[in-house]
Amino acid sequence: MKNKRKNILLIAGMLLALLVGILAYSAYTQKQIYQESTANLLSTYGQSAKTFTMFAQRNWNILNDWDSYLGTLAELGEQEGQWQEYIAQKATWQYTDFYLFNEQCEFWTTAGRQGTAEYMKATFEKLYTENKPVISSYISSQGIRKILFAIPMEQPLQLDGTTYTALVVSYDNAVLEKLLGSMVYEGQSDCYIVRSNGDVVLSTETKTEITEQMTNLFDYLQQNASVDQPYFDTMVQTLPQGGEGCVLYTLNRQKYYLIYQPLGLMDWSIIGIVPTGVVDAGMRRVQVATILVIALLGLLIMAGVIKIQRDAERNRRRELERRREKSDMMFAGMARVVERFAVCDLDRDRYQYHERRGEPLYQPEGSYQQMLEQISRKYVVLTDSENAKIPQMLAPENLRRLIKTDNDSLKLEYAARDKSAFFMMTVVPMAWKENRLTRVMMIVQDMGKQHLLQSLANTDGLTGLLNKRYFDRVLTVLEQHSQPFALFYMDLDRFKPVNDTYGHDVGDELLKGVSQRLQGCIRSRDYAFRLGGDEFALLLLGSMKPEACASKMNMICEMVAVPYEIDGNTVSVGASCGYALYPAESVDVQQVRCIADQRMYENKQANHARQDGAEGI
C-alpha cells in the first residue's frame with residue numbers, strides 16, 4: 001500500500017511538472033506571438049500611414065500649384081478654360097469634386113454646381129482662423145463619408161460676382177480604402193484614421209464586427225467590447241503624444257488586435273483592426289503542435305520512469321528479503337539480550353529495523369536519513385555539548401570518522417523530549433569495503449527510569465519547562481564553550497488580577513498554556529525555562545542579529561497575548577520581554593543577563609504607559 005501511494009505521488013508529481021512546463025511554454029510562446037504579431041502589424045500599417053501621408057502631401061502640392069496657376073489665368077481672364085482641364089484630370093486624380101470656397105461657405109465646383117455648404121462651416125472656420133491648409137472629413141448630404149483637403153488662396157478669385165478665397169478637393173471614402181490597405185490580410189481588416197480623442201476622420205469599408213455607423217472609436221470599444229484595460233488606457237493617454245502600440249480586445253467572442261501609431265499629420269493616428277486568428281494562425285498551429293509533442297514525450301518519459309522505478313522496487317524487495325533471511329539467522333540469538341536494533345546500509349541509505357519488545361518505534365524498513373530525522377523530532381541527545389544532534393552524530397561521515405576498526409563503537413544516551421523515556425544506543429560496525437565502513441548495527445536499550453531523579457531536579461513541576469537550576473547550568477556550559485546565543489527574559493503583565501479574579505487553579509492552567517506557547521516559539525535545539533512565578537526565559541542557540549531578536553520578541557509577546565480558554569473563562573494577559581546577545585553585547589554571561597533584564601524592565605514600563613494612555617482616552 002505504501003509503495004502504491006508512492007507510485008501515485010510520483011505519477012501525480014510528474015504530471016504536475018509536465019503541466020507546469022506546458023503552461024510555462026504556452027505563456028512564453030503566447031508572449032512571443034503577441035510581440036511578433038504586434039511588430040508585423042505596426043510595420044504593415046506603418047506603410048499605409050506613409051502612403052496616406054504622401055497622398056496628402058501630393059494634394060497640398062497640387063492645390064498650391066493650381067492656386068498659383070489660377071491666379072495667373074485670372075490676370076489673363078482665362079480661368080473659365082481651366083475648369084475643363086480640372087474636369088479632364090478627374091478620372092486620373094480620382095477626386096470627387098474640386099471646389100472654390102469662401103468664408104460664407106459658398107462654393108463653386110468644376111462641374112458648375114453652386115450653393116452653400118453649412119455642414120462644412122467648422123472646417124472652413126479652422127482654415128480661415130489658422131490661415132493654413134487643413135484636412136477634414138464630413139458626411140455629405142447624400143450620407144457618404146468624404147475627406148477634403150483645403151488651402152487658403154493667395155489671391156482671391158471672382159466668378160459671377162462672387163469672391164472665393166479657398167481651394168478644396170474632396171474624395172469619397174472608397175477612393176482612400178486602397179491607400180489605407182483595404183486588402184491587407186486578405187481583406188479581413190479595418191483601418192481608421194482618428195483624432196487624438198478617438199473621433200473617426202475616415203475609415204475603410206468595415207470587415208470586422210464593428211458597425212460602420214460610429215463617430216468615436218474609443219467610446220464604441222468601451223461600450224461594446226471587452227478590452228485589455230491597461231493597454232487601452234495606455235493608448236488613450238499616449239496617442240496625443242504620438243505613441244504607438246497594440247491593444248487586444250474581444251467583441252462577439254472574437255479576439256482582435258488593435259494597432260495604433262501616429263500618422264504624421266496634425267494629431268491624427270492610423271488604427272488597424274485585425275482578428276487575431278488572421279494574424280497568428282500559423283504561429284498558433286506551431287505552438288499547439290509543439291505542446292502536443294512535449295506532452296507526448298513527457299508521457300513517454302513518465303512511462304519509462306515508472307517502469308524503471310517498478311523494476312528497481314521489485315529488485316529491492318528481493319534483495320531485502322534475502323537480507324532479512326540472513327539477518328534473522330544472524331541475530332536469532334540476539335533476541336534474548338537485545339530489545340531492539342537496526343541494520344543500516346550507509347551507502348544505499350537504507351535500514352532494517354527489528355523490534356523485540358513490543359510496539360515498533362519505526363517502520364520495518366526505509367530510508368536511513370529519514371529514520372534519523374524521525375528520531376531527532378522525538379528525542380534529544382543527553383550530553384553537555386550544545387551542538388550534539390542525532391542526525392549529525394549518526395551521519396555516515398561522522399560514523400566513518402569515529403569507527404575505524406571492528407573494535408571501535410559509538411555510544412550515546414538520548415531521551416524523549418518530554419523526558420518520559422531514556423535510551424542507550426550502541427553503534428557497532430558490520431561491513432567494510434576497502435577499509436570504508438558501509439554497514440552498521442544500532443543496538444538500542446531502554447534505560448527505564450534511570451534519569452528520572454535527574455529529570456525531576458532539572459524540570460519545573462507545574463509547567464514541565466526546565467527550571468532555574470538547569471538554566472544556570474546551561475549558561476555556564478555555553479560560556480565555557482564560547483558558544484553564541486540570544487537570551488530572552490519575559491514575565492507576564494496582569495497575571496495577579498487573574499489569580500485574584502479566578503483563583504490559583506486558573507492561574508496555574510494559564511501558566512501551563514503560556515509554557516506551551518513558548519515551546520512553540522523555539523527550535524528543537526533551543527531551551528525554554530520557567531524561572532519562578534510568572535517569569536520565563538528562552539535561550540536561542542547560534543548568532544542572531546538585533547533586528548531578528550526584536551522581531552522574535554514581538555512574536556513572543558503576540559503569541560502570549562492571544563486569549564486563553566480555561567474552564568469556560570476567557571483569560572487574557574500581556575507580556576514584557578527583553579533580549580541580549582552573547583558575545584555580541586558582552587562576553588560576560590552575567591552582564592548579558594543584566595542587559596536582558598534591563599530591556600525587559602523598559603518594555604514593561606512602555607507597556608504600562610500605553611495601558612495608562614488607553615485608559616485615559
Side-chain angles (χ1 to χ4, degrees), residues 377-380 415-421 452 455-472 474-475 485-541 544 548-580 593 596-597 599-608 610-611 614-615:
R377 286 194 293 268
K378 295 182 178 180
Y379 305 99
V380 292
R417 291 186 177 276
D418 60 0
K419 304 300 187 293
S420 60
L452 179 59
S455 174
L456 292 175
N458 294 333
T459 305
D460 176 62
L462 176 63
T463 63
L465 298 182
L466 298 171
N467 57 23
K468 187 176 185 304
R469 174 181 175 276
Y470 198 66
F471 173 68
D472 295 334
V474 170
L475 284 179
F485 63 85
L487 170 62
F488 291 82
Y489 273 147
M490 189 201 79
D491 70 2
L492 302 181
D493 298 334
R494 307 187 303 277
F495 178 69
K496 185 176 183 301
V498 173
N499 276 333
D500 295 342
T501 303
Y502 301 103
H504 290 281
D505 290 341
V506 172
D508 290 346
E509 292 300 319
L510 176 61
L511 291 174
K512 293 180 183 179
V514 170
S515 300
Q516 291 176 356
R517 293 186 185 180
L518 290 179
Q519 286 179 319
C521 293
I522 61 175
R523 301 161 298 187
S524 61
R525 66 176 183 175
D526 300 327
Y527 297 89
F529 305 89
R530 182 190 178 201
L531 303 182
D534 60 346
E535 297 179 358
F536 299 86
L538 299 178
L539 274 177
L540 277 61
L541 303 186
M544 291 183 67
C549 288
S551 176
K552 188 74 171 181
M553 186 180 75
N554 292 334
M555 185 196 75
I556 293 170
C557 293
E558 289 174 0
M559 288 190 66
V560 170
V562 176
Y564 301 78
E565 295 295 330
I566 302 174
D567 295 339
N569 300 306
T570 300
V571 181
S572 297
V573 292
S576 298
C577 191
Y579 70 88
R593 297 174 67 167
D597 188 66
R599 287 176 178 166
M600 181 184 72
Y601 177 72
E602 293 171 356
N603 183 240
K604 181 175 288 293
Q605 286 185 317
N607 291 341
H608 289 170
R610 281 195 297 269
Q611 293 171 7
E615 293 173 356

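Because the structure is predicted, anything quoted here is derived from the model rather than measured.
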message: Please determine whether salt bridge (Lys or Arg N to Asp or Glu O under 4.0 Å) holds for the pair R599 and E602, giving the CA-CA distance in whole Å, both sets of side-chain angles, and the decisive distance to 0.1 Å.
response: CA-CA 5 Å; R599 287 176 178 166; E602 293 171 356; 5.9 Å; no

Q.
For a side chain to side chain donor-acceptor pair (under 3.5 Å) check, start with the C-alpha distance between D460 and T463, then their side-chain angles and the critical distance, and finish with the verdict.
A. CA-CA 6 Å; D460 176 62; T463 63; 2.6 Å; yes

Original post:
Where do R523 and L540 land on the side chain to side chain contact (heavy atoms under 4.5 Å, CB included) test, with the steps shown first?
Top reply: CA-CA 8 Å; R523 301 161 298 187; L540 277 61; 4.1 Å; yes

Query raised in the report: Passes side chain to side chain contact (heavy atoms under 4.5 Å, CB included), L539 versus I522? Steps please.
Result: CA-CA 9 Å; L539 274 177; I522 61 175; over 6 Å; no

Might you work through the side chain to side chain contact (heavy atoms under 4.5 Å, CB included) test for F536 and S515, ending with a clear yes or no? CA-CA 9 Å; F536 299 86; S515 300; 3.6 Å; yes

Next on the checklist: One pair to check against side chain to side chain contact (heavy atoms under 4.5 Å, CB included): L538 and F529. What are the steps and the verdict?
Outcome noted: CA-CA 6 Å; L538 299 178; F529 305 89; over 6 Å; no

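Residues V573 and V498 share a closest heavy-atom pair of CG1-CG2, 3.9 Å. Considering every non-hydrogen atom in both A486 and M544, the closest pair reads CB-SD, 3.7 Å.
Not a single ring pair (Phe, Tyr, Trp, His ring centres under 6.0 Å) links F495 to another residue, sequence neighbours left out.
Here the CD-CE distance, from E535 to M600, works out to 6.0 Å after rounding to the nearest 0.5 Å. We find the NZ-CG distance between K468 and L465 to be 15.5 Å, quoted to the nearest 0.5 Å. Atom CE of residue M490 and atom SG of residue C521 lie 9.0 Å apart, to the nearest 0.5 angstrom. Atom SG of C557 sits about 10.0 Å away from atom CZ of F488, to the nearest 0.5 Å. To the nearest 0.5 angstrom, L492 atom CG is 6.5 Å from L511 atom CG. Atom SG of C577 is separated from atom CG of N603 by 7.0 Å, given to the nearest 0.5 angstrom.
Side chain of K552 to main chain of Y579: no donor-acceptor pair is present (N/O by atom type, distance under 3.5 Å, no hydrogens or angles). Not one N or O on the side chain of N499 forms a donor-acceptor pair closer than 3.5 Å with the backbone of K496. Within the 3.5 Å criterion, the main-chain N or O of G533 finds a donor-acceptor partner in the side chain of R530. The backbone N or O of E565 sits nowhere less than 3.5 Å from a side-chain atom of N569 that would complete a donor-acceptor pair.
Cation-pi geometry between R517 and Y564 is met: the NZ or CZ atom falls under 6.0 Å from the ring centre, inside 45° of the normal.
The closest side-chain heavy-atom distance from V560 to L518 is below 4.5 Å. Residues Y470 and T459 form no side-chain contact, since every pair of their non-hydrogen atoms from C-beta on lies 4.5 Å or further apart.
Counting only N and O atoms by type, the side chains of Y489 and R593 include a donor and acceptor under 3.5 Å apart.
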